Amino acid sequence: MIDLVQLRREPDEIKAALARRGVSSATMDEVIVLDVEHRRLLQEAESLRAEIKDLSRQVGEARRDQDTARAESLTARSRALGDEERAAREATDRVAASLRESLLMIPNVPADDVPEGLDENDNVEIDRWWVGKEEGQPFPEYAPHQRVAHWDVGKELGILDLEAGARLAGSMFPLYRGAGARLLRALGAFALDAHLDDYEEIRPPSFALTETMTSTGHLPKSQDDMYAIPRDDLWAIPTAEVPLTSMHRGEILDESRLPIRLTAQTACFRREAGAAGRDTRGLLRVHEFDKVELFAYCTPEQADAAHADILARAEGLLRSLGLTYRLLRLCTGDLGSSSARTIDLEVFSPGVDRWLEVSSVSWFRDYQARRANVRYRRADGTTALVHTVNGSALAWARIWAALVETYRQSDGTVQLPDVLSPYLGGRTRLTPKVS
RNA sequence: GGAGGGAUGACAGAGCGGCCGAAUGUACCGGUCUUGAAAACCGGCGUGGGCUUGCCCACCGUGGGUUCAAAUCCCACUCCCUCCGCCA
């Protein structure tokens, strides 16, 4: 949620920044009006409250002095004020609720370096990498044997059974088998191990309460994109960012502990409402996928370095897997609602001949921390909201697809990169199932 | 799922419905003493919000209720602990 105090102090700056991502100035004016009204009512209610407290204290004194007549007259006055106070408080609460409701729907203020744009077509490519680039080799030419879509490779080798997944849970719930399932397990272990130098490994719950979802900004905005279990007030997490952001909810962290860096692999659940039929073949877009997430709570001063570190780690994994990828700076129109700045990593998958988003590295400023109420204590004793930063490293379903396409050999086998060997028991070559 | 016990500041732990935002201890910060440290002593030490910056308001697991007045009484819920049942 954005900073209301800042909105009061510099309404024009905030309005201008939010206008870049489509929030009308009329919407912001409504918020400002609600805020003014809220404070007016709050003052009214509080001064009534103060009066009642004072009268009540005097009743106590009168009782102690055995002055029954005085006590009763004071009681009568206080009782009369009580009705007024209740009405004032209810009015205050009503306005506070609608103020909060409005604030929850307002996206984060974009950073200055976020490019202008309407949708993903306006994202700006800032870098591109492929094996041998540093040695001066040109962008790779992919051979015909690499131009086979992963769903065909998967079927050929018996490592991906989309029909079985669909039978169990409907379409877009993939089922991996044999070496395909093991490859997925290997990727997770490979990535988690790579981050353990600086990041604590977490295994959080796969479900979270409405309150938790709200603190990351996923609710109320994205409720149609998530799986809900209403009987238990639970939602299936769309990313480990949700539990990690709430891990320290309501806490005041000592500055010396920052940055707190966490990594977690979880299943991620996405309803992908409205996406039916669009780029949904194979593993391009699925309802459930595994992802290793990197996350940091930090001070504002540490945020840039924390963001850069996560980005470097995600890139590092792609490079050691030998996959071609590019970096995109998301434009205002494509930026996630909670984010102030996001860099996407897209891997090139030759079989389907497209760039697939496999990581999104975002800086949230204090937007999530304000909702989740995560603060830190500075050396001078004051408190401030932390900044949160996160990124995927990486989302495995699409990496799986890019790997089997990129490394498909002319004989139809797939020769996986050596870095995965320890996690595959040395079996880096995937061959067609004989049975 | 059943029975019982509990939830108060960083921690421990008091708190007859009325100077209780909360005793006391520990921890922590500052000072005195000391060559220095420890001990002792003195002082400080929760978080938010509002405005007339000096005051006011809120918060004792959460949400309701009773009352002139609630940490304190009532109801519901959540979580933790113990026991029973069930269970990977």
Side-chain angles (χ1 to χ4, degrees), chain A residues 1-9 31-100 102-104 203-215 229-235 243 246-258 260 267 297 366-386:
Chain A
M1 154 157 87
I2 61 162
D3 184 359
L4 200 47
V5 174
Q6 194 188 2
L7 179 62
R8 274 176 218 155
R9 211 171 35 225
V31 170
I32 293 169
V33 166
L34 282 172
D35 176 45
V36 169
E37 179 67 357
H38 175 245
R39 282 181 292 155
R40 188 184 68 76
L41 289 167
L42 188 63
Q43 264 187 79
E44 193 181 312
E46 285 189 351
S47 58
L48 282 166
R49 185 93 195 117
E51 213 173 324
I52 288 169
K53 283 180 73 167
D54 189 50
L55 286 169
S56 295
R57 209 195 63 241
Q58 293 183 47
V59 171
E61 282 168 8
R63 281 267 149 75
R64 207 171 311 122
D65 300 344
Q66 308 284 318
D67 190 345
T68 311
R70 180 151 172 276
E72 271 167 18
S73 106
L74 287 166
T75 298
R77 270 173 61 198
S78 182
R79 189 182 296 148
L81 281 178
D83 294 335
E84 255 186 88
E85 190 261 352
R86 178 184 297 259
R89 200 181 54 214
E90 279 167 3
T92 309
D93 290 348
R94 264 199 307 277
V95 175
S98 58
L99 175 60
R100 180 175 161 76
S102 306
L103 277 174
L104 286 178
R203 175 60 219 223
S206 303
F207 301 93
L209 296 164
T210 296
E211 188 187 350
T212 308
M213 286 291 178
T214 306
S215 66
I229 306 175
R231 187 170 63 171
D232 299 301
D233 188 34
L234 288 171
W235 303 78
S246 284
M247 239 178 91
H248 290 290
R249 187 163 70 213
E251 289 184 38
I252 301 177
L253 305 163
D254 199 273
E255 183 167 8
S256 63
R257 288 179 65 192
L258 300 176
I260 293 176
Y297 295 96
D366 57 10
Y367 186 90
Q368 291 181 323
R370 184 170 291 105
R371 289 187 177 201
N373 193 24
V374 183
R375 290 166 291 171
Y376 72 103
R377 191 178 304 284
R378 294 208 199 84
D380 65 7
T382 60
T383 59
L385 293 163
V386 301

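Worth saying up front: this structure is predicted, and the values here are computed from it rather than measured. Quick note on labels: first sequence line is chain A, next is B, and so on, each numbered from 1. Heavy atoms only: backbone and side chains are in, while hydrogens, waters and symmetry mates are out.
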**Study point:** Identified pairing partner of B:A76, criterion: Watson-Crick or G-U wobble below 3.5 Å
**Key:** B:U62
Check your understanding: Rounding to the closest angstrom, what is the interatomic distance between B:C60 and B:A22 at atom C1'?
Key -> 8 Å
Point to revise | Strand partner of B:G48, provided both Watson-Crick or wobble distances fall under 3.5 Å | key: B:C57
Exercise for review: Applying side chain to side chain contact (heavy atoms under 4.5 Å, CB included), name anything that partners A:Arg9, two or more places apart in sequence or on another chain.
Suggested key: A:Val5, A:Gln6
Donor-acceptor pairs are to be reported for all side-chain atoms of residues 58-81 of chain A against protein atoms at under 3.5 Å, with residues two or more places apart or in another chain.
unit_1  : atom_1 : unit_2  : atom_2 : d
A:Gln58 : NE2    : A:Asp54 : OD2    : 3.2
A:Asp67 : OD1    : A:Arg70 : N      : 3.2
A:Thr75 : OG1    : A:Ala71 : O      : 2.7

**Study point:** Sugar-phosphate, base or nothing in reach of A:Arg89, heavy atoms under 4.0 Å
**Key:** nothing
Review point. Do the side chains of A:Met247 and A:Tyr297 get nearer than 4.5 Å, heavy atoms only?
Key: yes
Review point. What residues form a side chain to side chain contact (heavy atoms under 4.5 Å, CB included) with A:Ala87, not counting sequence neighbours?
Key: none
Check your understanding: If we call it a pair only when both distances are under 3.5 Å in a Watson-Crick or G-U wobble match, what pairs with B:G4?
Key -> B:C81
Exercise for review: Given side chain to side chain contact (heavy atoms under 4.5 Å, CB included), test A:Asp232 with A:Leu209 step by step and report yes or no.
Suggested key: CA-CA 8 Å; A:Asp232 299 301; A:Leu209 296 164; over 6 Å; no
Review point. Partners of A:Asp83 by side chain to side chain contact (heavy atoms under 4.5 Å, CB included), sequence neighbours excluded?
Key: none
**Study point:** Contacting residues from residues 40-48 of chain A, given that a heavy atom lies under 4.0 angstrom of RNA chain B
**Key:** A:Leu42, A:Gln43, A:Glu46
Practice item. Determine the interatomic distance between C1' on B:G9 and the same-named atom on B:A58; round to the nearest Å. Key: 16 Å
Exercise for review: Using the test salt bridge (charged side-chain N to carboxylate O under 4.0 Å, His left out), find all partners of A:Arg86 that sit at least two apart in sequence or belong to another chain.
Suggested key: none
Practice item. Taking atom P in both B:A71 and B:C83, compute the distance separating them and give it to the nearest angstrom. Key: 35 Å
Check your understanding: What residues form a side-chain hydrogen bond (donor to acceptor under 3.5 Å, both in side chains) with A:Thr92, not counting sequence neighbours?
Key -> none
Exercise for review: Provide the Watson-Crick or G-U wobble partner of B:U26, both distances under 3.5 Å; none if there is no partner.
Suggested key: B:A10
Point to revise | B:G36 and B:G54, which share atom name C1', separated by this distance in whole Å | key: 44 Å
Practice item. For A:Glu51 and for A:Ser56, find the nucleotide of RNA chain B with the closest heavy atom, then tell me which residue's nucleotide is more 5'. Key: A:Ser56
Review point. In whole Å, what separates the C1' atom of B:G31 from that of B:A23?
Key: 25 Å
Show every donor-acceptor pair shorter than 3.5 Å between a side-chain atom in residues 372-379 of chain A and any protein atom, with sequence neighbours excluded, or say none if there are none.
unit_1   : atom_1 : unit_2   : atom_2 : d
A:Asn373 : OD1    : A:Arg375 : NE     : 3.2
A:Arg377 : NH1    : A:Gly381 : O      : 3.3
A:Arg378 : NH1    : A:Thr382 : OG1    : 2.8

Review point. How far does the C1' atom of B:U24 sit from the matching atom of B:U78, given to the nearest Å?
Key: 31 Å
Practice item. Could you check which residues of residues 67-83 of chain A get a heavy atom under 4.0 Å from RNA chain B? Sort them by number, please. Key: A:Thr75, A:Ser78, A:Arg79
**Study point:** Pairing nucleotide - B:U32, Watson-Crick or G-U, each distance under 3.5 Å
**Key:** B:A40
Exercise for review: Determine the interatomic distance between P on B:A40 and the same-named atom on B:C59; round to the nearest Å.
Suggested key: 38 Å
Review point. Taking 5' to 3' order, which nucleotide of RNA chain B is first and which is last to have an atom within less than 4.0 Å of a heavy atom in chain A?
Key: B:G18 to B:A70
Revision key, fill the gap. pair_partner(B:C19), Watson-Crick or wobble, both distances < 3.5 Å, evaluates to none
Got a list of side-chain donor-acceptor pairs under 3.5 Å for residues 32-40 of chain A, not counting sequence neighbours?
unit_1  : atom_1 : unit_2  : atom_2 : d
A:Asp35 : OD1    : A:Arg8  : NH2    : 3.1
A:Asp35 : OD2    : A:Arg8  : NE     : 2.7
A:Asp35 : OD2    : A:Arg39 : NH2    : 3.3
A:Glu37 : OE1    : A:Arg40 : NE     : 3.3
A:Glu37 : OE2    : A:Arg40 : NH2    : 3.1

Practice item. Specify the residue among A:Arg8 and A:Gly60 whose closest nucleotide of RNA chain B lies further upstream toward the 5′ end. Key: A:Gly60
Review point. Expressed in whole Å, how much space separates the C1' atoms belonging to B:G1 and B:G49?
Key: 44 Å
Review point. What is the distance from atom CZ of A:Arg371 to atom CZ of A:Arg249, rounded to the nearest 0.5 Å?
Key: 12.5 Å
Check your understanding: Among all residues two or more places apart in sequence or in another chain, which pass the salt bridge (charged side-chain N to carboxylate O under 4.0 Å, His left out) test with A:Glu51?
Key -> none
